[in-house]
Amino acid sequence: MNDADTPNDGRQWLRSELERTLGAPIRKFVPNYAESVAGLILGIAAVCGASALAYAAVMKTAGGVSPIGILVALLVLLFGVMCFWMGMAGWKAGAKVFVCPHGFWYEAQNRNEPFPWDQIERVDETVRIVRMYGLKSKIIFGSSRTFREFDVVRRDGHKFGIAHTFVRASDELGELLRHEAEQRSIPWTTSEVHV
């Protein structure tokens, strides 16, 4: 990549330009929509449940309208709207990552941003170890779960965060990044956080 095509020149990159600059994609990582879909389903279910509760509260035959029933229905409706909104926000926040011979680029919210290997200043890895509580969680996951997050920083200061909630197979992407960082002597720091 030459200096005339710096990544942070403020323009929208076309896929053909990215492929010409970074090479054809070797591996594609897609957004992780699992939590977003769960939020959307939970939101729709809560809105439907709120509607049923409101109908039951209004149509109560003995004693007229139930104010407590209406209040509960409104709270369930509010919960459903919040879950739906959070699911939509997660859906929009997901990113596709394309790993190429000369770098990678991500596509998020209709914007492409290149990260050539020679323009990456450092990679910061955060390992989050989450202690699991409850018998069911311990049986399924063990006593703790580990999540890895990566912040890739370009020389111009632009940062791209990679987490399991936004990119499916983020650990695999992290291993690809680690391999490239080792080959190209890109500084890599790892910090561990216990939650």
Check for a donor-acceptor pair, side chain of Arg154 on one end and backbone N or O of Pro116 on the other, with a separation under 3.5 Å. no
Minimum heavy-atom separation for [X] and [Y], please, with both atom names.
{"X": "Gly23", "Y": "Cys100", "answer": "O-SG, 3.3 Å"}
{"X": "Pro101", "Y": "Ala24", "answer": "CD-O, 3.3 Å"}
{"X": "Phe115", "Y": "Lys159", "answer": "CZ-C, 4.3 Å"}
{"X": "Thr126", "Y": "Val193", "answer": "CG2-CG2, 3.9 Å"}
{"X": "Trp117", "Y": "Gly103", "answer": "NE1-N, 2.9 Å"}

Could you give the distance from [atom1] ([X]) to [atom2] ([Y]), rounded to the nearest 0.5 Å?
{"X": "Arg122", "Y": "Ile186", "atom1": "CZ", "atom2": "CD1", "value": "12.5 Å"}
{"X": "Arg178", "Y": "Asp171", "atom1": "CZ", "atom2": "CG", "value": "11.0 Å"}
{"X": "Asp118", "Y": "Arg155", "atom1": "CG", "atom2": "CZ", "value": "6.0 Å"}
{"X": "Leu18", "Y": "His102", "atom1": "CG", "atom2": "NE2", "value": "13.0 Å"}
{"X": "Arg128", "Y": "Ser191", "atom1": "CZ", "atom2": "OG", "value": "8.0 Å"}

Audit row: Phe98, Leu22, side chain to side chain contact (heavy atoms under 4.5 Å, CB included) steps and yes/no: CA-CA 10 Å; Phe98 300 87; Leu22 302 175; over 6 Å; no
Side-chain H-bond candidate by donor/acceptor type, Thr190 with Glu125, under 3.5 Å: yes
Check against side chain to side chain contact (heavy atoms under 4.5 Å, CB included), Val123 and Asp151: CA-CA 6 Å; Val123 179; Asp151 286 329; over 6 Å; no
Step by step, would you call Trp188 with Phe150 a side chain to side chain contact (heavy atoms under 4.5 Å, CB included)? CA-CA 10 Å; Trp188 186 289; Phe150 309 91; 3.8 Å; yes
In terms of ring plane angle, is the pair His158 and Tyr106 parallel, tilted or perpendicular, where the classes change at 30° and 60°? parallel
Among Leu173, Leu177, Leu176, Val152, exactly one meets side chain to side chain contact (heavy atoms under 4.5 Å, CB included) together with Val97. Which residue is that? Leu173
Any heavy-atom pair between the side chains of Pro25 and Glu19 that's under 4.5 Å? yes
Are Val47 and Leu77 packed together at the side-chain level, in the sense that at least one heavy-atom pair is separated by less than 4.5 angstrom? yes
What's the verdict on side chain to side chain contact (heavy atoms under 4.5 Å, CB included) for Glu175 and Arg148, showing C-alpha distance, side-chain angles and the deciding distance? CA-CA 11 Å; Glu175 288 305 316; Arg148 295 168 61 202; 2.9 Å; yes
